[in-house]
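Every chain is numbered from 1, with letters handed out A, B, ... down the list of sequences.
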2 protein chains.
Amino acid sequence: MDTSAGPDAPGTPDLPYDVFARACPSRRTLEHVTGRWGALTLGALHEGSLRFNELRRRVDGVSEKMLSQTLHALERDGLVHREAQLVNPPRVDYRLTPLGRRITDRLLALMTSVETGMDEVVAARVRYDERHGDPVRG
Amino acid sequence: MDTSAGPDAPGTPDLPYDVFARACPSRRTLEHVTGRWGALTLGALHEGSLRFNELRRRVDGVSEKMLSQTLHALERDGLVHREAQLVNPPRVDYRLTPLGRRITDRLLALMTSVETGMDEVVAARVRYDERHGDPVRG
DNA sequence: CAGCATCCAGCTTGATACTG
DNA sequence: CAGTATCAAGCTGGATGCTG
């Protein structure tokens with residue numbers, strides 16, 4: 001089943017990058033992609049190109065600062081393309097790059113599987129909180 | 001193309017949960033799954049059952065406290081099963097639940113796609129840093 | 001509209017020490 | 001081994017004010 005050998009976990013392809021390694025740059029990128037705002041921003045952009053304030057409304061709860069920061073990180077990683085038109089009022093569109101789309105496809109599959117499993121999650125939480133006399137957790 | 005209508009984004013199935021909504025509990029669960037340590041912990045457990053300190057070594061850089069906290073959250077969400085044997089020295093095994101496995105399958109697909117795209121990401125960063133005179137970013 | 005700069009509260013995190 | 005308790009520090013992120 002596993003014809004390769006290397007620094008990666010058994011069963012995974014032998015890539016030069018390994019998110020499990022603390023020093024690997026892929027770890028930072030994974031954090032940008034899966035971070036609280038990164039994931040939602042990418043997910044929102046999956047539908048198509050959006051402007052800054054459209055994104056802000058779409059990603060419920062994000063602040064201007066965090067959205068700006070998130071977009072910079074994603075743009076730098078080559079996942080999001082920023083296109084500014086020199087008009088007044090200013091118009092800037094953000095959209096996924098091909099790489100961003102490949103990654104976001106997987107990300108959305110993950111998000112959907114979480115949403116799909118939520119009934120089970122909620123039930124599990126009730127059971128857990130019953131067994132432990134526990135007050136409040138995230 | 002889209003036979004449903006509801007609070008979700010166009011094109012997505014009409015589930016009762018929506019990660020894009022600030023108040024939806026699925027958002028918390030998504031954060032547990034994609035969080036810095038949650039993702040790596042689930043990924044490590046995908047291979048099979050692991051003990052606490054095995055996990056610690058596998059998830060490079062995680063502290064005892066963070067691993068403990070992460071495992072509690074994932075256990076409460078019903079993604080990880082904890083099995084303690086009353087022996088001396090104590091032995092506790094963690095493994096994915098069926099729900100946890102379904103979600104982790106998607107998570108690993110995402111992680112792999114990030115690793116696979118890293119050459120492109122690194123190249124994009126170089127280009128970005130050239131265009132902007134920027135010193136250091138994450 | 002599309003941001004950047006600053007301030008600062010508080011949550012997250014990592015060490016460290018200790019328990020069963 | 002498998003954790004819990006405590007504490008300091010630093011980073012995250014929200015609010016505010018301003019620019020082009």
Under a 4.0 Å heavy-atom criterion, the protein footprint on nucleotides 14-20 of chain D, written with B, S and -, is BB-B--B

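Between B:Tyr94 and D:dC1 there is no side-chain N or O to OP1 or OP2 distance below 4.0 Å. Contact check, A:Arg51 against C:dC1: no side-chain N or O comes under 4.0 Å of OP1 or OP2. Under 4.0 angstrom from either OP1 or OP2 of D:dA2 there lies no side-chain N or O belonging to B:Ser68. Proximity of B:His72 to the phosphate of D:dG3: no side-chain N or O atom is located under 4.0 Å from OP1 or OP2.
Ring-plane geometry between B:Tyr128 and A:His72 is classed as perpendicular, the angle between the planes exceeding 60 degrees on a 0 to 90 degree scale with a lower cut at 30.
A donor-acceptor contact shorter than 3.5 Å is absent between the side chain of A:Gln85 and the backbone of A:Pro90. Between the side chain of A:Ser68 and the backbone N or O of A:Glu64 there is no donor-acceptor pair closer than 3.5 Å. The main-chain N or O of A:Phe20 is found under 3.5 Å from a side-chain atom of A:Arg27 such that the two form a donor-acceptor pair.
For the pair B:Gln69 CD and D:dT6 P, the computed distance is 15 Å after rounding to whole Å. A straight line from CG of B:Asn88 to C1' of D:dC1 spans 9 Å, rounded to a whole angstrom. If you measure from atom CG of A:Asp60 to atom C1' of D:dG13, you get 16 Å, rounded to the nearest angstrom. The CZ atom of B:Arg91 sits 16 Å away from the C1' atom of D:dG3 (whole-angstrom rounding). The distance between atom CZ of A:Arg28 and atom C1' of D:dC11, rounded to the nearest whole Å, is 12 Å. Rounded to whole Å, the distance from CG on A:Leu50 to P on C:dG3 is 13 Å. Per the geometry, CG belonging to A:Leu55 stands 14 Å off C1' belonging to C:dC1, to the nearest Å. A straight line from CD of A:Glu31 to P of D:dC11 spans 14 Å, rounded to a whole angstrom.
Side-chain contact between A:Leu107 and A:His46 is absent, with no heavy-atom pair separated by less than 4.5 Å.
Counted by atom type alone, A:Arg56 and A:Thr41 present zero donor-acceptor pairs between their side chains at under 3.5 Å.
For A:Asn53, whose side chain is taken as the heavy atoms from C-beta onward, the closest listed nucleotide among D:dC1, D:dG3, C:dA2 is C:dA2.
If you check every strand for non-hydrogen atoms under 4.0 Å, A:Arg56 touches nothing.
Within the model, atoms OG of A:Ser113 and CZ of B:Arg102 stand 8.5 Å from one another, a figure rounded to the nearest 0.5 Å.
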